[in-house]
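Heads up, the thing below is written out as structure tokens.
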There are 2 protein chains.
Amino acid sequence: METKAATTLLAALAQETRLTIYRLLVAAGPSGLPAGQIAEQLQLAAATASFHLKELSQAGLLAARQEGRFIFYSANYAQMNALLAFLTENCCGGTPCGSDVPCC
Amino acid sequence: METKAATTLLAALAQETRLTIYRLLVAAGPSGLPAGQIAEQLQLAAATASFHLKELSQAGLLAARQEGRFIFYSANYAQMNALLAFLTENCCGGTPCGSDVPCC
DNA sequence: CCTTTATTTCCATAATATTGGAAATATGGA
DNA sequence: TCCATATTTCCAATATTATGGAAATAAAGG
């Protein structure tokens with residue numbers, strides 16, 4: 001991952017509503033939840049929820065699948081894991097962090 | 001950590017210049033680097049670097065310490081670790097993720 | 001106290017993001 | 001085909017963020 005891609009992911013999560021949506025879907029597990037239920041649960045206007053779901057999806061943090069008239073959104077765990085790896089990468093220039101100075 | 005605090009951290013990192021600064025300081029290790037050297041290394045106007053360093057510090061991601069005429073900034077690893085824990089917390093509603101559906 | 005160097009604050013400009021109402025689109029069932 | 005429901009797109013108002021020049025502050029050493 002490069003810096004640009006990481007900022008896209010971070011920006012997607014750096015917003016209270018979106019972070020709440022994301023965590024709701026992390027907790028919901030792989031099957032996810034339909035857009036309407038997400039909006040309802042978080043008391044959001046449909047347009048607002050849709051806007052944030054798009055942001056998260058475009059960043060690759062969510063997957064969307066159609067099921068009947070519903071669109072289910074679910075968390076993409078792989079993307080988050082890649083982000084976490086990037087954030088702690090190259091800690092202390094590669095020198096293993098001493099146990100007296102715990103780093104990453 | 002609550003959602004609000006986490007968005008503050010994420011917002012601080014969700015900007016290319018700031019993420020680059022943060023990673024530079026993660027790589028620099030616990031001793032950190034003086035503000036001027038960070039600005040120079042990243043080719044930033046002093047005011048711009050100062051603005052971003054303040055954002056990161058206010059979020060708690062950086063520590064600042066005066067040393068002579070220099071102000072050394074360094075990464076606060078604990079804050080990042082707390083963020084990582086928060087992001088993966090409560091995955092799949094607490095149900096351990098099956099090895100066939102690897103989550104977090 | 002004056003000078004040099006390091007950094008920050010002030011400020012205005014420019015760019016980007018968030019919000020939700022209303023209209024458009026899509027899906028499935030009667 | 002027509003209707004009800006689910007979701008998205010369009011749009012405009014509002015709010016937030018980033019940038020850097022210039023001036024202010026701070027620290028150390030003559």
Side-chain angles (χ1 to χ4, degrees), chain A residues 3-25 28 31-76, chain B residues 3-25 28 31-76:
Chain A
T3 308
K4 192 66 184 287
T7 53
T8 303
L9 290 184
L10 289 162
L13 294 169
Q15 209 278 339
E16 209 165 351
T17 302
R18 280 199 296 272
L19 183 54
T20 306
I21 290 175
Y22 180 77
R23 278 163 51 82
L24 177 65
L25 291 175
S31 55
L33 295 172
Q37 194 171 322
I38 296 167
E40 189 189 27
Q41 213 146 135
L42 271 44
Q43 309 206 68
L44 299 171
T48 303
S50 185
F51 168 77
H52 288 304
L53 287 167
K54 192 173 75 172
E55 294 285 303
L56 286 163
S57 299
Q58 283 180 344
L61 284 162
L62 298 185
R65 72 174 193 285
Q66 184 112 19
E67 200 157 301
R69 276 191 283 192
F70 300 87
I71 297 181
F72 278 73
Y73 284 92
S74 55
N76 179 354
Chain B
T3 307
K4 192 65 185 289
T7 52
T8 303
L9 289 185
L10 289 162
L13 292 169
Q15 208 276 341
E16 210 166 350
T17 302
R18 280 199 296 271
L19 183 54
T20 306
I21 290 175
Y22 180 76
R23 280 166 49 82
L24 177 63
L25 291 177
S31 55
L33 294 173
Q37 194 171 321
I38 296 168
E40 189 190 28
Q41 212 145 139
L42 271 44
Q43 308 207 67
L44 300 171
T48 303
S50 186
F51 168 77
H52 289 305
L53 288 167
K54 190 174 76 174
E55 294 286 303
L56 287 164
S57 300
Q58 282 180 344
L61 284 163
L62 298 186
R65 74 174 193 286
Q66 184 112 20
E67 200 156 301
R69 278 191 283 192
F70 300 88
I71 297 181
F72 278 74
Y73 285 92
S74 55
N76 179 354

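No hydrogens, no waters, no symmetry mates; every other heavy atom, side chains included, goes into these values.
Closest contact between the side chain of B:Phe70 and the listed nucleotides C:dG20, C:dA6, D:dT19 involves C:dA6. Candidate nucleotides C:dG20, D:dG21, D:dA18 were compared by shortest atom distance to the side chain of B:Phe51, and D:dA18 ranks first. Side-chain proximity of A:Arg69 to D:dT8, D:dA6, D:dT9: nearest is D:dA6. Looking at the side chain of A:Ala47, the nearest of the listed nucleotides D:dA28, D:dT7, C:dG21 is C:dG21. The side chain of A:Glu55 sits closest to C:dT18 out of C:dT18, C:dT4, D:dT19.
The shortest non-hydrogen separation linking B:Ala6 to A:Leu19 is CB-CD2, 3.7 Å. When all heavy atoms of B:Tyr22 and B:Leu61 are compared, the closest pair comes out as CE1-O, 3.7 Å. Residues A:Ser31 and A:Phe72 come closest through the heavy atom pair O-CD2, 3.6 Å.
For A:Gln43, no side-chain nitrogen or oxygen approaches OP1 or OP2 of C:dT19 to under 4.0 Å. In this model, the phosphate group of C:dT25 is not approached by any side-chain N or O of A:Gln66 to a distance below 4.0 Å at OP1 or OP2. Of the side-chain N and O atoms in A:Arg18, none sit less than 4.0 angstrom from OP1 or OP2 of C:dA17. Not one side-chain nitrogen or oxygen of A:His52 sits closer than 4.0 Å to the OP1 or OP2 atom of C:dA17.
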Test side-chain contact (heavy atoms from CB on, under 4.5 Å) on A:Gln41 and A:Leu24 and set out the steps.
CA-CA 9 Å; A:Gln41 213 146 135; A:Leu24 177 65; 3.6 Å; yes
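Between the C1' atom of C:dT16 and the CD atom of B:Glu16 lies a distance of 15 Å, rounded to the nearest Å. Between A:Leu56 atom CG and C:dA17 atom C1' the separation is 14 Å, expressed in whole Å. Per the geometry, CG belonging to A:Leu53 stands 12 Å off P belonging to C:dT19, to the nearest Å. Look at CD on A:Glu67: it is 11 Å from P on C:dG28, rounded to the nearest Å. In this structure, the CG atom of B:Leu44 is 8 Å from the P atom of D:dT19, given to the nearest Å. Distance, A:Ile21 CD1 to C:dT18 C1': 12 Å, rounded to whole Å. Taking atom CG of B:Leu33 as the reference point, atom C1' of C:dT7 lies 15 Å away to the nearest angstrom. One atom, CZ of A:Phe72, and another, P of D:dA6, lie 12 Å apart when rounded to the nearest Å.
Of the two residues contacting DNA chain C, namely A:Thr48 and B:Pro34, the nearest-nucleotide position lying further toward the 5' end is that of B:Pro34. For the pair A:Ala14 and A:Gly68, both in contact range of DNA chain C, the more 5′-proximal nearest nucleotide belongs to A:Ala14.
In this structure, B:Tyr73 reaches the sugar-phosphate backbone alone: every heavy-atom distance under 4.0 Å involves primed, P, OP1 or OP2 atoms, never a base. Residue A:Ala35 is in sugar-phosphate contact alone, with no base atom involved, counting any heavy-atom pair closer than 4.0 Å across all strands shown.
Each of B:Leu25, B:Ile21, B:Ile71 was evaluated against B:Leu33; a single residue qualifies, B:Leu25, per the side-chain contact (heavy atoms from CB on, under 4.5 Å) test.
At a threshold of 4.0 Å, the pair A:Glu16-A:Arg18 does not count as salt-bridged, since none of the basic side-chain nitrogens sits closer than that to a carboxylate oxygen.
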